[in-house]
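Before any comments, here is the structure.
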Amino acid sequence: MQLSSAVVEANLGFGGIGWIAWIVIGGIAGWLASKIMGTDAQQGLLLNIVVGIIGGVIGGIVLRFLGVSTAGAGWILTLLTALAGACALLFVVGLVTGRRR
């Protein structure tokens, strides 16, 4: 069974915005998370974007698990969701790699 992209986006919490917006929001969220978590010197633009997008997926899954839907909620909630997920991702990566601030 093949899922449509709209169903996948709605279930992961990134409905309502396009892929280019996800790259921009992911870059901003990844950069802000790297500043907050103290990893900015170790990350470049591409890694910030990747961390932000993965963080958005993580945040969307967590919110979906809690019963909160971010579909159609706008870019501010999307940015906050991606930022929280990116910070969590950087925290876990820091624990696994043993890096401290």
From Leu90 atom CG to Lys35 atom NZ, the distance as rounded to the nearest 0.5 Å: 13.0 Å
Spacing of Leu63 atom CG and Leu80 atom CG [to the nearest 0.5 Å]: 10.0 Å
Same cluster (ILVMFWY, side-chain, under 4.5 Å), Leu45 and Trp22: yes
Donor-acceptor pairs are to be reported for all side-chain atoms of residues 47-56 against protein atoms at under 3.5 Å, with residues two or more places apart or in another chain.
unit_1 : atom_1 : unit_2 : atom_2 : d
Asn48  : OD1    : Gln43  : NE2    : 2.5
Asn48  : ND2    : Gly44  : O      : 3.4

For Leu79, all residues meeting side chain to side chain contact (heavy atoms under 4.5 Å, CB included), sequence neighbours excluded: Ile25, Ile28, Ala29, Trp75
Minimum side-chain heavy-atom gap Ile36-Leu83 below 4.5 Å: yes
More than 12 heavy atoms of other groups within 6.0 Å of Ile20 CD1: no
